[in-house]
Amino acid sequence: MHRKILVTHALPYANGSLHLGHVIEAVQTDVWVRFQRLRGHDCLFVCAEDSHGTPIMIRAQQQGQSAEQLIAAMAAEHQRDYHDLLVAHDHFHSTHSEENRRYTFELYARLRDAGYISRRAVRQAYDEQAQMFLPDRYVRGICPVCKSADQYGDSCEVCGATYTPADLIDAVSTLSGTAPVWRESEHLFFKLGAFEPMLRGWLAAGEQGSAVRAKLDEWFAAGLQDWDISRDAPYFGFEVPDAPGKYFYVWFDAPIGYIASFEALRAQRGLDFDSYWKSETQSELYHFIGKDISYFHNLFWPAVLHGAGYRRPTGVNVHGFLTVNGQKMSKSRGTFVTARRYLDHLPAEPLRYYFAAKLTSGIEDIDMNLDDFLARTNSDLVGKFVNIASRCAGFIERGGGRLDTQLPDPALYAEFVAAGERIAGLYEQREYGAAIREIMALADRANRYVDLHKPWALAKDPAQAPRVLAVATQGINLFRALMIYLTPVLPRMSGAAGRFLGKPITAWSDVATPLLGVPLGAYEPLATRLDPALVGRLIEAPPAPAAPAAAPLAAPVSRPATAPASNTIGIDDFSRIELRVARVIAAERVEGSDKLLRLSLDLGAEPRQVLSGIRASYAPEQLVGRLVIVVANLAPRKMRFGVSAGMVLCASGEGDGVFLLGADSGALPGMKVT
RNA sequence: GGCUAGGUAGCUCAGCUGGUUAGAGCGUGGCACUCAUAAUGCCGAGGUCGUGGGUUCGAGUCCCACCCUAGCCA
């Protein structure tokens, strides 16, 4: 059965560089697309730059360039990264394009004419100095629940409470630092609730896993609310045609970018639009996304499409988040690895292989443990898989450079062929990890086959030369079968292997016909082992030291003493950090932690509790009574053992040990350090 | 705070509707081999299945509470 498939992954946002989290999604998608093509299906792969919204507008202003310049530069960077990661879109477009404007207007008009758009006034924070309405994230203030300072307008990072900016105490705009006022403004709403029965039916019939469905059930249980799809000027986006001064919310036009990108490709290739976007039976449509944006793609997007008379996605494939060495990627830990940083040090294919080896169809998070990455690449990919070709190539070369005309063990080869359908099923289901396990188990069998027949021993007797050639021919064919199965993951290696084998790998079904009686090309190593030093360098602390406010609580980042001070700041920046003298009233070990001490501090007016990671260097009893310097306005942070409200300053170098900063006698608790 | 997922050997993960001595790969120890990028093969050691209760003849697998990790809260 020949399938027509259209595939997308989430649009990268034009506000920052791609990081490993983007990469795993792009790799997951690209592998699936390459797999479908290898199986002989017609599979298109489009993407676009997500170019609209307040963050882009603000960032462009800060950088002194136009939004158009910013998004063009980011799109170019993103495309370079994808290309170097061997992620091969058929087309990469932009949501800030004529195609997207046209389709955004069209879908909006159809929704409006069908009665799915309503208007009503909304009260919102307004920055009179910046002269604009403020998204929740641009308002900060004191948490109304736990009273923690400097929290976002939508939720508190300390206590986890959610609320609206109006609930914040002493709210300020992050743009101007002034207190926002509250203004009413009319907005456009999409009547999502009208689609509840349709969405329930669509989800029930789809392939979304139980975890995704369980999460979406919450939204149904709470009742689907109208969705605000407009924003006030100034906004970087498309102005709503029948509502001057209103712009489409970035999340309204972003998924329509999938259509826009397809449209641009359609114009190039003369494709049929309607069979892809109006019919649910003539083609299949899949979106690959992260679990954070599941509800946009599983609720809003199918509802918008359906309401506008378009087809709905065949499937929305949701994946989990990437952690590095077991933790969320973090700039201060150096684990926020950009795609470019990776590519500057290491080749793309080991990363593709590693991600493929860990991906499932579920939404669990995926951990990139760098030691594991190194081990898997060197032992699986090089040690067992590539090794099969490597150890057999020499025997073929010495035996005349041409494969034998038949296989000595066709039954074993047949098993490898038979496994192909199981493996294909796993790729289709996005169970890449299981597919890779199957493939590596076969690689073990191939190595065992060679070991069992010992061609190196046979080669000592010239009369056994035909037998040596036969065994090596079997080995090369087993290798080729596995290379075919790994082609979606390792396209470049597959190309090189095709040159070595004298026959390019072009289809999954190539495996049905073993390669016999043909000359082989010269063997060149298909992959080399990774250097542990290079892998380690991925997460070295960035050369520019982090600003003090961004450093982890009471855990100074160690850096070379010779690192030059860079990124100069003005006095205003420094004055944002409120340093105060404090006296240690009490200090005790934190039960269950081998690093932390719990310090009770006197800051003059108020007592404070700070958890500090200095246990290795200081005994609690030697601290009581001492004067220390504290970052007094650091946002309180919830740690495993309690809330820490501040940071005690220490010096540290490359060696072990941290050294508390103090104040000369005469200083009193509560004094400001300037 | 509510919700959704995850927490199984040093590392990364399998373990279906509860049932005999909890599995794999990597790493590690020993042996073999030397064709191969110190690659490969064979043998072994390693786990009170996040914690504490409970249901059951029997729980990694069910229930409750708690802890940790990630995400979502329009």
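Proteins come first, then strands; the chains are lettered A, B, ... in the order of their sequence lines, and each starts at number 1.
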Asks: Could you list, one pair per line, each protein nitrogen or oxygen that sits under 3.5 Å from a nitrogen or oxygen of nucleotides 22-24 of chain B, together with the distance?
Replies:
none

Asks: Compute whether any side-chain donor of one residue and acceptor of the other, for A/Y354 and A/D372, lie under 3.5 angstrom apart.
Replies: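 Side-chain D/A pair, A/Y354 to A/D372: present.
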Asks: Between B/rA74 and B/rU56, how far apart are the P atoms? Round to whole Å, please.
Replies: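 The answer is 44 Å between these two P atoms.
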Asks: Roughly how many Å is it from CD in A/Q327 to P in B/rG71, rounded to a whole number?
Replies: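 Between P of B/rG71 and CD of A/Q327: 12 Å.
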Asks: Would you say the side chains of A/H287 and A/W301 form a donor-acceptor pair under 3.5 Å?
Replies: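 The answer is yes; a qualifying pair exists.
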Asks: Can A/D380 and A/R437 be said to form a salt bridge (Lys or Arg N to Asp or Glu O under 4.0 Å), step by step?
Replies: CA-CA 10 Å; A/D380 283 15; A/R437 278 197 295 280; over 6 Å; no
Asks: Rounded to whole angstrom, note down the C1' distance from B/rA39 over to B/rC35.
Replies: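 Each nucleotide's C1' atom is 10 Å from the other's.
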Asks: Among the candidates B/rU34, B/rA74, B/rU37, find the nucleotide nearest to the side-chain atoms of A/K460.
Replies: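 Minimum distance to the A/K460 side chain belongs to B/rU34.
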Asks: Can you tell me the distance, in whole Å, between the CG atom of A/L216 and the P atom of B/rA5?
Replies: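 Whole-Å distance recorded here is 11 Å.
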Asks: Take atom CZ of A/R467 and atom P of B/rC35, then tell me their distance rounded to the nearest Å.
Replies: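 Whole-Å distance recorded here is 18 Å.
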Asks: Is A/N378 reaching over with its side chain to a backbone N or O of A/G383, donor-acceptor style, under 3.5 angstrom?
Replies: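 Not a single qualifying donor-acceptor pair exists.
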Asks: Between A/N447 and A/R391, is there a side-chain donor-acceptor contact under 3.5 Å, judged purely by atom types and distance?
Replies: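 Yes, because at least one side-chain N or O of A/R391 sits under 3.5 Å from a partner of the opposite role on A/N447.
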Asks: Would you sketch RNA chain B in dot-bracket for me? Only Watson-Crick or G-U wobble pairs with both distances under 3.5 Å count, crossing pairs as [ ], other-strand pairs as |, the rest as dots.
Replies: (((((((..((((.....[...)))).(((((.......))))).....(((((..]....)))))))))))).
Asks: Donor-acceptor pairs under 3.5 angstrom involving side-chain atoms of residues 360-367 of chain A: please list them, not counting sequence neighbours.
Replies:
unit_1, atom_1, unit_2, atom_2, d
A/T360, OG1, A/G362, N, 3.0
A/T360, OG1, A/E364, OE1, 3.1
A/S361, OG, A/E431, OE2, 2.6
A/D365, OD1, A/K291, NZ, 2.8
A/D365, OD1, A/F321, N, 2.8
A/D367, OD1, A/T323, OG1, 2.9
A/D367, OD1, A/N325, N, 3.4
A/D367, OD1, A/G326, N, 2.6
A/D367, OD2, A/G326, N, 3.3

Asks: What does A/G223 touch in the nucleic acid at a heavy-atom separation under 4.0 angstrom: a base, only the sugar-phosphate, or nothing?
Replies: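 Base: the residue A/G223, judged by heavy atoms under 4.0 Å, touches a nucleobase.
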Asks: Under 4.0 Å, heavy atoms only, any strand: does A/V386 hit a base, just the sugar-phosphate, or nothing?
Replies: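 The answer is base, as A/V386 lies within the cut-off (heavy atoms under 4.0 Å) of a base atom.
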Asks: List in chain and number order the residues that pass salt bridge (Lys or Arg N to Asp or Glu O under 4.0 Å) with A/R119, two or more places apart in sequence or in another chain; answer none if no residue qualifies.
Replies: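 Residues passing salt bridge (Lys or Arg N to Asp or Glu O under 4.0 Å) with A/R119: A/E186, A/D242.
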Asks: What string of B, S and - do you get for nucleotides 38-44 of chain B 5' to 3' if you count protein non-hydrogen atoms under 4.0 Å?
Replies: -SBSS--
Asks: Return yes if a side-chain donor-acceptor contact under 3.5 Å exists between A/T335 and A/K328, otherwise no.
Replies: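 No, no side-chain donor-acceptor contact under 3.5 Å.
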Asks: Taking for each residue the nucleotide of RNA chain B with the nearest heavy atom, is it A/V212 or A/F321 whose nucleotide lies nearer the 5' end?
Replies: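 This one resolves to A/V212.
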Asks: Among B/rU37, B/rA74, B/rU4, which nucleotide has an atom closest to any side-chain atom of A/S390?
Replies: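 Between B/rU37, B/rA74, B/rU4, the one nearest the side chain of A/S390 would be B/rU37.
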Asks: Select base, sugar-phosphate, or nothing to describe what A/P525 touches, counting heavy atoms under 4.0 Å on all strands.
Replies: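 Base contact - A/P525 has a heavy atom under 4.0 Å of at least one base atom.
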Asks: Polar pairs (N or O, both sides) under 3.5 Å between protein and nucleotides 7-12 of chain B?
Replies:
unit_1, atom_1, unit_2, atom_2, d
B/rU12, OP1, A/D367, OD2, 3.2
B/rU12, O4', A/D372, OD2, 3.4
B/rU12, O3', A/K358, NZ, 2.4
B/rU12, O2', A/K358, NZ, 2.9

Asks: Taking C-beta and beyond as the side chain, do A/C156 and A/Y163 meet within less than 4.5 Å on heavy atoms?
Replies: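 A side-chain contact under 4.5 Å exists here.
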Asks: Using the side-chain heavy atoms of A/K215, tell me which of these nucleotides is nearest: B/rA5, B/rC72, B/rA14.
Replies: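 Side chain of A/K215 sits closest to B/rC72.
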Asks: Under 3.5 Å, side chain of A/E438 to main-chain N/O of A/I436, donor-acceptor pair present?
Replies: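 Flag not set: sc A/E438 to bb A/I436 has no pair under 3.5 Å.
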Asks: Just checking A/F248 against A/Y108, ring centres under 6.0 Å apart?
Replies: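 That pair passes the under 6.0 Å test.
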Asks: Would you kindly give the CH2-to-C1' distance between A/W251 and B/rC73, to the nearest whole Å?
Replies: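 Distance check: A/W251 CH2 to B/rC73 C1' gives 16 Å.
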Asks: Establish, from distance only, whether the side-chain atoms of A/D409 and A/H453 form a donor-acceptor pair under 3.5 Å.
Replies: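 Short answer, no.
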Asks: For B/rG52 versus B/rG41, give the span between their P atoms, rounded off to a whole number of Å.
Replies: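 Here B/rG52 and B/rG41 have their P atoms 40 Å from each other.
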Asks: What's the CE-P distance between A/M329 and B/rA70, to the nearest Å?
Replies: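 Rounded to whole Å, this separation is 12 Å.
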Asks: Could you state the atom-to-atom distance from CD1 of A/I293 to P of B/rA70 in whole Å?
Replies: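 So the CD1-P distance, A/I293 to B/rA70, works out to 20 Å.
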Asks: So does A/I117 get a backbone contact from the side chain of A/R112, meaning a donor-acceptor N/O pair under 3.5 Å?
Replies: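 Not at all, since once roles are kept as given, no pair shorter than 3.5 Å links the two residues.
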Asks: Using the P atom as the reference point in each nucleotide, state the distance between B/rG60 and B/rG7 in Å, no decimals.
Replies: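 Roughly 15 Å separates the two P atoms.
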Asks: Please examine the side chains of A/Y413 and A/L478, heavy atoms only from C-beta on, and report whether any two atoms are closer than 4.5 Å.
Replies: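 A/L478 reaches A/Y413 side chain to side chain.
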Asks: Distance check, P atoms only: B/rU28 and B/rG10, in whole angstrom units.
Replies: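 My reading of the P atoms in B/rU28 and B/rG10 gives 15 Å.
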Asks: Which is true for A/A527 with a 4.0 Å heavy-atom rule: it touches a base, it touches only sugar-phosphate, or it touches nothing?
Replies: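 Contact class for A/A527: base.
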Asks: Measure CG/A/L478 against P/B/rC35 and give the value in whole Å, please.
Replies: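 Spelled out: CG on A/L478 to P on B/rC35 is 21 Å.
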Asks: Using the P atoms only, state how far B/rC16 lies from B/rG23, rounded to an integer number of Å.
Replies: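 Going atom to atom, P in each nucleotide, I get 14 Å.
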Asks: Hey, does A/Y295 reach any base, or is it just sugar-phosphate, or nothing, if we go heavy atoms under 4.0 Å?
Replies: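 Sugar-phosphate, backbone atoms only, no base.
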Asks: Measure the distance from CG on A/D217 to P on B/rG2 and round it to the nearest whole Å.
Replies: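 So the CG-P distance, A/D217 to B/rG2, works out to 20 Å.
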Asks: Can you tell me how far C1' in B/rG50 sits from the matching atom in B/rA70, rounded to whole Å?
Replies: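 My reading of the C1' atoms in B/rG50 and B/rA70 gives 16 Å.
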Asks: A/Y523 has a side chain; which of B/rA74, B/rU37, B/rU4 sits nearest to it?
Replies: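 Taking heavy atoms from C-beta onward, the closest nucleotide is B/rU37.
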Asks: Any chance the side chains of A/H19 and A/T338 put a donor and an acceptor closer than 3.5 Å?
Replies: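 Judged by distance alone, the side chains do not pair up.
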Asks: Can a donor-acceptor pair be found between the side chains of A/H319 and A/E25 at a distance below 3.5 Å?
Replies: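 The answer is yes; a qualifying pair exists.
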Asks: Expressed as a whole number of Å, how far does the P atom of B/rC49 sit from that of B/rC11?
Replies: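 Their P atoms lie roughly 16 Å apart.
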Asks: Does B/rG46 fall in syn (glycosidic angle within 90° of 0) or anti?
Replies: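 Base orientation relative to the sugar is syn.
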Asks: Base, sugar-phosphate or nothing for A/L526? Non-hydrogen atoms, less than 4.0 Å.
Replies: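 A/L526: base contact, heavy atoms under 4.0 Å.
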